[in-house]
Amino acid sequence: MSAEVLRPTPSLSSLALLDERSREIFRQIVETYLATGEPVGSRHLSRLLPMTLSPASVRNVMQDLEEAGLIYAPHVSAGRLPTDTGLRFFVDALMQFGDLAEDERRQIEAQVAASSQDRPLENVLADASQLLSGLSRGAGVVLTSKSNVRLKHIEFVRIEPERALVVLVSEDGQVENRIVPIPAGLPPSALVEASNFLNAHVRGRTLAEAKAELQKSFDSARAELDGLTQRLVEAGLASWSGGEPADRKLIVRGQANLLGDLKALEDLERIRLLFDDLESKREVVDLLGRAETADGVRIFIGAENKLFSLSGSSMVVAPYRDGQSRIVGVLGVIGPTRLNYARIVPMVDYTARVISRLIG
């Protein structure tokens, strides 16, 4: 199955009305850029084209493409490079996405299966990020939500006279501790009673589901609990944010790969800016969160989004799902705008499918 890429509806603009000759010249400019990162001139283009055109004729077409905002000259007397708009047009209108090679499919399946042996899901996702980084030579990214893990056990442990530790153990082995206030003079039996009550209602549910279930059943359960235990359960409920930004985890692996293809000082500055972008985790999380509303692969290119406008970077991401087909996170690749989209899009899509099968 080929990757499903979300493409915008084509418009009847000059971009969509290029004739065959213009499209072929534009395709050669973009493909040369994706392969080498270098601008290409009219004389070289005339030798690459499948039709016979003089360098002067090619220059005329390049002028039209430049006026349409699809290509630009990085400096005087240079060849041409695609703009971010041009890359978007190429990806959406001209590029064909196929399937991964069988050996790459087997590699992804084997590595995900090996990393999932008796290990928490978060470790598996970190390994998936590293895997994508290695296959793409970019940085692998994963955004997951702690609120999506299913609870196995909850326990209250007193640590001070008026504070207790809530220990939450998930079905995939993750352990999270939260501190909650407790009433002064609370007897040890109330901690045990509160733990038993919560475990009876939350086992197998996510934090958000457990919170909703407890809030529904709490009124009818008041008769079961004494006043102090009720206050303890309410304090535990209040500590569960149920998916706020603090409960979202960003995993980035392979940033060093982005240093392996520098051709000039300005490339080093671009990568420095990208590293700064990745340090702004909230903005990365917000951008990745936009991909959670989509069913297919999303491609963000350069200045199309504020986050990567300075570094000139791109991101290819796809959502992964749980056993109920609910989107629970996204994973993908960040790199320069000249990513090998035709290869990376199906790679990201297939990895997301493998992770979804594992979770399901």
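All heavy atoms count here, side chains included; hydrogens, waters and symmetry mates do not. All residue numbers refer to positions in the sequence shown, counting from 1.
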Is there a side-chain contact between [X] and [Y] (heavy atoms, below 4.5 Å)?
{"X": "Arg343", "Y": "Glu104", "answer": "yes"}
{"X": "Val91", "Y": "Phe97", "answer": "yes"}
{"X": "Ile71", "Y": "Leu81", "answer": "no"}
{"X": "Leu358", "Y": "Val124", "answer": "yes"}
{"X": "Val40", "Y": "Gln28", "answer": "no"}
{"X": "Ile355", "Y": "Val112", "answer": "yes"}
{"X": "Ile154", "Y": "Val167", "answer": "no"}
{"X": "Leu34", "Y": "Met95", "answer": "yes"}

Rounded to the nearest 0.5 Å, what separates atom [atom1] in [X] from atom [atom2] in [Y]?
{"X": "Ile344", "Y": "Ile334", "atom1": "CD1", "atom2": "CD1", "value": "11.5 Å"}
{"X": "Thr32", "Y": "Leu45", "atom1": "OG1", "atom2": "CG", "value": "6.5 Å"}
{"X": "Leu70", "Y": "Leu87", "atom1": "CG", "atom2": "CG", "value": "10.0 Å"}
{"X": "Arg158", "Y": "Leu165", "atom1": "CZ", "atom2": "CG", "value": "13.0 Å"}
{"X": "Arg59", "Y": "Gln63", "atom1": "CZ", "atom2": "CD", "value": "11.0 Å"}
{"X": "Tyr33", "Y": "Glu38", "atom1": "OH", "atom2": "CD", "value": "10.5 Å"}

For [X] against [Y], the heavy-atom pair lying closest together:
{"X": "Ser46", "Y": "Leu53", "answer": "CB-O, 3.4 Å"}
{"X": "Ser356", "Y": "Arg321", "answer": "OG-N, 2.8 Å"}
{"X": "Val297", "Y": "Ala318", "answer": "CG2-CB, 4.1 Å"}
{"X": "Pro55", "Y": "Ser42", "answer": "O-CB, 3.6 Å"}
{"X": "Pro319", "Y": "Ile327", "answer": "CB-CG2, 3.7 Å"}
{"X": "Ser133", "Y": "Gly140", "answer": "CB-N, 3.6 Å"}

Under the 3.5 angstrom rule, does the side chain of [X] hit a backbone N or O of [Y] as a donor-acceptor pair?
{"X": "Arg203", "Y": "Lys152", "result": "yes"}
{"X": "Arg137", "Y": "Leu339", "result": "no"}
{"X": "Arg23", "Y": "Leu18", "result": "yes"}
{"X": "Ser115", "Y": "Asp127", "result": "no"}
{"X": "Thr85", "Y": "Gly69", "result": "no"}

Stepwise side chain to side chain contact (heavy atoms under 4.5 Å, CB included) test for Glu155 and Asn199: CA-CA 8 Å; Glu155 185 173 353; Asn199 281 313; 5.9 Å; no
Aromatic Tyr350 / basic Arg105 pairing, under 6.0 angstrom, 45° off normal: yes
More than 12 heavy atoms from other groups under 6.0 Å of CD on Glu20: no
Pair Asp84 + Arg88, salt bridge at N-O below 4.0 Å: no
Centroid-centroid distance, Phe26 to Phe89, less than 6.0 Å: yes
Trace of the side-chain hydrogen bond (donor to acceptor under 3.5 Å, both in side chains) decision for Ser57 with Asn60: CA-CA 5 Å; Ser57 297; Asn60 289 335; 5.3 Å; no
CA sep, side-chain torsions, deciding dist, call: Tyr341, Ser314, side chain to side chain contact (heavy atoms under 4.5 Å, CB included): CA-CA 10 Å; Tyr341 299 96; Ser314 289; 2.8 Å; yes
Leu132 vs Leu331, side chain to side chain contact (heavy atoms under 4.5 Å, CB included): CA-CA, chis, key distance, verdict: CA-CA 9 Å; Leu132 284 171; Leu331 55 79; 3.7 Å; yes
CA sep, side-chain torsions, deciding dist, call: Arg253, Ser129, side-chain hydrogen bond (donor to acceptor under 3.5 Å, both in side chains): CA-CA 6 Å; Arg253 295 288 185 272; Ser129 178; 5.7 Å; no
Flag for Thr351-Tyr320: side-chain donor and acceptor within less than 3.5 Å: no
Test log, rule side chain to side chain contact (heavy atoms under 4.5 Å, CB included), inputs Val166 and Leu198: CA-CA 11 Å; Val166 186; Leu198 288 171; 5.9 Å; no
